[in-house]
K.L.:
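A single structure is presented below for examination.
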Amino acid sequence: MPPNSIHLTPEQLAIIESPLDAKIFLEGHAGTGKTTVGVERVLYLLESGIPGNEILLLVPQRTLATPYYEALRSPSTTAGGAVTVLTIGGLAKRMVELFWPLIPTEAGFANPDRPPTFLTLETAQYYMAHLVRPLLDQGYFESITIERNRLYSQIIDNLNKAAVVGFPHTEISQRLKSAWAGDPGQAHVYEDAQHCAHLFRDFCLEHNLLDFSLQLEVFFNHIWPAPICHEYLQESYRHLIVDNLEEDVPVTFDLLRECLPELESGLLIFDLEAGYRRFMGADPQTTYNLKNRCGQQATLFESFSASGEVQNFGYAIAQALLPEEERSSEDINNSSFPIHHSPLDSTRYYPQMLDWIVEQIALLVEDGVPPGEIVVLSSYLSDALRFSLTERLEELKIPAYSHRPSRSLREEPATQALLTLAALAHPQWGLIPSKFDLAYAFIQSIADLDLVRAQLLTDIVYQERSGSLSPFDQIKPETQERITFKLGGRYEAMHAWLEAYTQAPPDQLDHFFSRIFGEVLSQPGFGFHADYDAGEVTANLIESVRKFRWAVGDSLDAESIPLGQEYLRMVDDGVIAAQYIFSWQTQPEDAVFLAPAYTFLMRNRPVEYQFWLDIGSRGWYERIRQPLTHPYVLSRRWDLNRPWTDSDEYDASRDSLYRLVLGLIRRCRSGIYLGLSELGEQGYEHKGLLIRAIDRALRSVNSEQ
Amino acid sequence: MRDNLQHSTFNLPTGFVFSQSSLQDYVDCQRRFQLRYIQQRAWPAIEAEPAMDTELYMQRGSQFHHMAHQYWLGIPAEKIARQVEGDEVLSRWWQNFVGSKDFGSLVKHSDDSDEENSRSLKPLPEISLSAPIGDLRIMAKYDLLILQTLRVSEEDLAHDDTSENPKGLNATIYDWKTSRKQPNREWLIHRLQTRVYPYLLAQAGAQLNGGEPFKPEQIEMIYWYTDFPDQPARFPYSQQQFDEDEAYLTGLLAEIKSMGEEDAPLAEDERRCRFCVYRSLCNRGVEAGPLEEAEGDWEVEEGFELELDFDDIAEIEY
Ligand code: SF4
């Protein structure tokens, strides 16, 4: 019997304790305890003597495996082999890495005898920029206005879509064009995007580079069909658990369809009315077809998360979002909804709405609600919004955290100081720092140095034209005194270190960062000493440079371009170090969570109270403008030659809002607070679908009451 | 300052699983254990000089592990060798490996029908096991486990009534070592790896042995050196050693559990600090020590890498 059986319903228990050769398709809405069943099933298999190393857990995104990790790492779990937890991308990469020596010539790699280089998102973006930049000068994409980095990432996204949906990347533009019903000039944009995708793929094949799309394609087309790999997977994994199948992509469906008959047991868990990762290629309609391939089907109904009142509210909004003809005539329980909204007369402006939200959070916390049971959700969480909210909560001493740090890696002060010092230490790159940047780097690097002294020091010791520094003892004694001898001594130690460095052959950039961090900046008297945040930022920067070097170093060597120089240039261009690095395993203990609504959904953890910000905004359902790609058209279910119309757009928006709202409500136990302001964050008036649906839901109930 | 890790009652991050290397860190220096595992502080100083040689050394080590894994999956040795053509060191290691009398001639899941040897071998590369010890958990990732069944003839059995294990299933743990020097036996005996690996196999290996736990006497731990193929360091296991290890590990974990919030004591042997990234934090020196003086070898810790891949980029706008 599972250790937690006391909390399980008979329906859950029946699934968990199904025979060891059962293949089960389990469906239900969010909050009905499906993942609990998944976790307990794994533990049950282990307790029944199934070796852990024969169990594969497949999830669409690693965050979704958290409850499994927690259970598997618990001391109460049976001793034995480790369960493998993978995403489809992780599985593909692992298999390609292992079976690379058997890669057939048809795969098209120019040097199959050399090891492959796996590209990260960042290094893929770099190569794409490298190939596309010259074409932009030739007039590619000239009819659209879009930030360059978004352009590169949309071309990469097209390749990824082709790989996860399972169509040849050569068909991207054809598919996009056939669905385009607007200005005929757009066809050129799609053709340009196709040409860039070709160039990128050819370049990757030529240089043994594997971006995410190529990893998947090589796995599905060349590794998986090889008997040795097939046998390996078949022998290694006899039992499969798949959670959140609705968030997974069509090629996962293909793989599972083929594997299922060969496995001893399987549990496929499907969340109904979800499918939030559509823009990443999730295809719930396709993956749902696996239901027929399982011998046993089960559904869970009882909600463990939302209270009856919250569920009623959800049902009422969902009804209001459905097209008229699909609405149910069923009466909604007219008990009062646990809904609170900001008073419009006093929250006309956005900051007033934020004040109201923070006030309500404070009241809840005062009433004993743990901060970790509160989330503040918005359609898009801008840095400004995150900052305003965090500050307000901090003032009231309410702990809060966000889904990502407030700054990207390149914006971190420690990063900027390190990059400036790197430029200074490598005059051969010709990237001479400005006085302003250097003074800023001094403030970060030398403990206790204030702005005035940093500027004074920079003005005297720095020759901006040559990018060189002079020693402290050459400064007039009275100025030395103003700067202080203590700080002067620290400057001199750093100056001497840099001098010695420039005399020797240069290090690799990541080694330079490690060395200056360890030997200078983190030593007593310097800015990073005992500063763990600076340590973490430096580690992230080093990791980024190292991966860049491993992926790009050889190509740059061939062109005699110093890697450090190129890295710094790419940081400046926003191609590199633009990510928000955040270790997803680490979570604050008990703090209010601020996040975009979809991020909250993908954490899949219910809370007591939710605050929905700016419910008048269209951002809750409108797609981001993507002139080079299209998540619906580049899907498996879209009919070639069918145009994408305004009505398709409207239906898709409404459908995604419907799923989003239900997903949120099903992860809320006690109450929802709605933040309304007449004017949105940008000062515009909004009256989107969500606010109208809420309005309708509330009125429909009031009229029934 | 952000300190957002969830902590369990005695300060270890929730879900923390001990490994031989985290335990070794504790034994070598409690402060290092505290910084690295309890507080999870990234402190990216150079570990050993020259930095490039150290990097190459570590890359080769991990590449060799990868090649050995490929070999045990049944990929022909020549094809694997081709990947490292031009790298003298790796090619030498590979030649030593495939030419080794220990296992170089074995192939995946071979059922050797040779009557004289009369044995069947099952290689399990890169397999992880874990087990609870009290209210904590410990894990190990084995480079290679070889399960060997000695098909003892019926006649022999009839004459041998002392045999406790008529099936004769033995488990050999192989660990690849790519260090330039071979450490002395005494040093190896005291390594946590030498204690944890066989102990954990005895504790958590039942599923690999038809549901029966391995008896300590059935287990042997072998360090196999890529540059010293004829001098593997063998450590047969025994019930006595198992009992000692259990008492030792239980005591060690109890000691770790009693660690307070205050800064843990620094390493007594300051030589360790030369190869420790935290040396600037502890005021224990400036420059890293030379690679050739570093003892043992480093291995990349599972889960210590920061990886951002396509599966984790839900936040990124296209
Ligand atoms: S520098 Fe020395 S004392 Fe400090 S953590 Fe490292 S080994 Fe321990």
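Quick note on labels: first sequence line is chain A, next is B, and so on, each numbered from 1.
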K.L.:
Please look at A:L521 and chain B and tell me whether the side chain, the backbone, both or neither of the residue comes under 4.5 angstrom of a heavy atom of that chain.
P.N.:
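It is neither, since no heavy atom gets under 4.5 Å.
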
K.L.:
Between CG of A:D507 and CD1 of B:I46, what distance do you get to the nearest 0.5 Å?
P.N.:
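Separation between the atoms: 6.5 Å.
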
K.L.:
Checking A:F528 against chain B: side chain, backbone, both or neither under 4.5 Å from a heavy atom?
P.N.:
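For A:F528, the contact with chain B is made by the backbone alone.
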
K.L.:
Rounded to the nearest 0.5 Å, what separation is found between the CZ atom of B:F16 and the CZ atom of A:R73?
P.N.:
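It is 10.0 Å, given to the nearest 0.5 Å.
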
K.L.:
Could you tell me which portion of A:D113 (side chain, backbone, both or neither) has an atom closer than 4.5 angstrom to a non-hydrogen atom of chain B?
P.N.:
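Both backbone and side chain.
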
K.L.:
I need the A:R546 CZ to B:E55 CD distance, nearest 0.5 Å.
P.N.:
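Taking CZ in A:R546 and CD in B:E55, the distance rounds to 6.0 Å.
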
K.L.:
Could you check if a side-chain atom of B:R82 sits within less than 4.5 angstrom of a side-chain atom of A:P101, using non-hydrogen atoms only?
P.N.:
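Sidechains of A:P101 and B:R82: no contact.
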
K.L.:
Between A:Q508 and chain B, which part of the residue has a heavy atom less than 4.5 Å away: side chain, backbone, both or neither?
P.N.:
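Only the side chain of A:Q508 comes within 4.5 Å of chain B.
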
K.L.:
Give me the atom names and distance for the closest heavy-atom approach of B:R137 to A:T78.
P.N.:
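Shortest heavy-atom separation between B:R137 and A:T78 comes out as NH2-O, 3.1 Å.
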
K.L.:
Any non-hydrogen side-chain atom of B:W43 less than 4.5 Å from a side-chain atom of A:T538?
P.N.:
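A side-chain contact is absent here, since even the closest heavy-atom pair is not under 4.5 Å.
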
K.L.:
Does any heavy atom of chain B fall under 4.5 Å from the side chain of A:W550, the backbone, both, or neither of them?
P.N.:
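Contact with chain B involves the side chain of A:W550 alone.
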
K.L.:
Is A:T77 in contact with chain B via its backbone, its side chain, both, or neither, using a 4.5 Å heavy-atom distance?
P.N.:
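Both parts, backbone and side chain.
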
K.L.:
Could you state the interatomic distance from OH (A:Y532) to CD (B:Q39), rounded to the nearest 0.5 Å?
P.N.:
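So the gap between those two atoms works out to 5.5 Å.
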
K.L.:
At a heavy-atom separation under 4.5 Å, does B:I75 approach chain A through its side chain, its backbone, both, or neither?
P.N.:
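The answer is both parts of B:I75.
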
K.L.:
By a 4.5 Å heavy-atom criterion (distance strictly below it), what part of B:E85 contacts chain A: side chain, backbone, both, or neither?
P.N.:
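Both backbone and side chain of B:E85 come within 4.5 Å of chain A.
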
K.L.:
Would you mind checking which part of B:E287 comes under 4.5 Å of any heavy atom in chain A, side chain (CB onward), backbone (N, CA, C, O), both or neither?
P.N.:
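Both parts, backbone and side chain.
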
K.L.:
Examine whether an atom of B:L201 lies under 4.5 Å from a heavy atom of chain A, and if so say whether it belongs to the side chain, the backbone or both; otherwise answer neither.
P.N.:
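For B:L201, there is no contact with chain A at all, as no heavy atom is under 4.5 Å.
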
K.L.:
Could you tell me which non-hydrogen atom of A:A539 sits nearest to which non-hydrogen atom of B:P44, and how far apart they are?
P.N.:
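Answer, listing the atom of A:A539 first, then B:P44: N-CG, 3.6 Å.
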
K.L.:
Quick one: does B:N283's side chain get under 4.5 Å of A:H529's, heavy atoms only?
P.N.:
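Contact flag for B:N283/A:H529 side chains = yes.
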
K.L.:
Using non-hydrogen atoms and a 4.5 Å limit, figure out which bit of A:D510 sits close to chain B: side chain, backbone, both or neither.
P.N.:
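Side chain of A:D510 only, per the 4.5 Å heavy-atom cut-off to chain B.
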
K.L.:
Give, as side chain, backbone, both or neither, the part of B:M67 having an atom under 4.5 angstrom from any heavy atom of chain A.
P.N.:
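Answer is neither: B:M67 stays 4.5 Å or more from chain A.
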
K.L.:
Using non-hydrogen atoms and a 4.5 Å limit, figure out which bit of B:P50 sits close to chain A: side chain, backbone, both or neither.
P.N.:
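It is neither, since no heavy atom gets under 4.5 Å.
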
K.L.:
A:R515 versus B:E49: any side-chain heavy-atom pair under 4.5 Å?
P.N.:
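Yes, close enough: below the 4.5 Å cut-off.
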
K.L.:
Report which part of A:L98 has an atom under 4.5 Å of a heavy atom belonging to chain B: side chain, backbone, both, or neither.
P.N.:
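Both parts, backbone and side chain.
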
K.L.:
Which atoms of A:E147 come close to chain B, meaning under 4.5 Å heavy atom to heavy atom: side chain ones, backbone ones, both, or neither?
P.N.:
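For A:E147, neither part sits under 4.5 Å from chain B.
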
K.L.:
Go through A:R114 and B:Q83 one step at a time and tell me if the side-chain contact (heavy atoms from CB on, under 4.5 Å) criterion holds.
P.N.:
CA-CA 5 Å; A:R114 306 306 306 154; B:Q83 310 286 308; over 6 Å; no

K.L.:
Should A:P75 and B:L136 count as side-chain neighbours, where that means a heavy-atom distance under 4.5 Å?
P.N.:
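With C-beta onward as the side chain, the pair stays apart.
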
K.L.:
Between B:G205, B:A131, B:A288, B:A51, which has the largest tally of heavy atom pairs under 4.5 Å with chain A?
P.N.:
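Top option by heavy-atom pairs under 4.5 Å: B:A51.
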
K.L.:
So which of A:A71, A:A534, A:G52, A:A82 has the biggest tally of heavy-atom pairs under 4.5 Å with chain B?
P.N.:
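Sorted descending by pairs with chain B, the first entry is A:A82.
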
K.L.:
Which value, rounded to the nearest 0.5 Å, describes the distance between A:I50 atom CD1 and B:Q207 atom CD?
P.N.:
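Here the rounded value is 8.5 Å.
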
K.L.:
Does any backbone or side-chain atom of A:P112 lie under 4.5 Å from a heavy atom of chain B? Answer side chain, backbone, both or neither.
P.N.:
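Answer is backbone: N, CA, C or O of A:P112 sit under 4.5 Å from chain B.
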
K.L.:
For residues A:Q523 and B:V286, determine if any side-chain heavy atom of one lies less than 4.5 Å from a side-chain heavy atom of the other.
P.N.:
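Heavy-atom side-chain distance check passes, below 4.5 Å.
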
K.L.:
Give, for atom OG of A:S522 and atom CZ of B:R279, the distance between the pair rounded to the nearest 0.5 Å.
P.N.:
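So the gap between those two atoms works out to 8.5 Å.
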
K.L.:
Using a 4.5 angstrom heavy-atom cutoff, name the option from B:S280, B:A206, B:S130 with the most pairs to chain A.
P.N.:
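Top count of heavy-atom pairs under 4.5 Å with chain A: B:S280.
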
K.L.:
Output the option from A:P524, A:G49, A:P51, A:A595 having the highest count of non-hydrogen pairs under 4.5 Å with chain B.
P.N.:
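The residue among A:P524, A:G49, A:P51, A:A595 with the greatest pair count is A:P51.
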
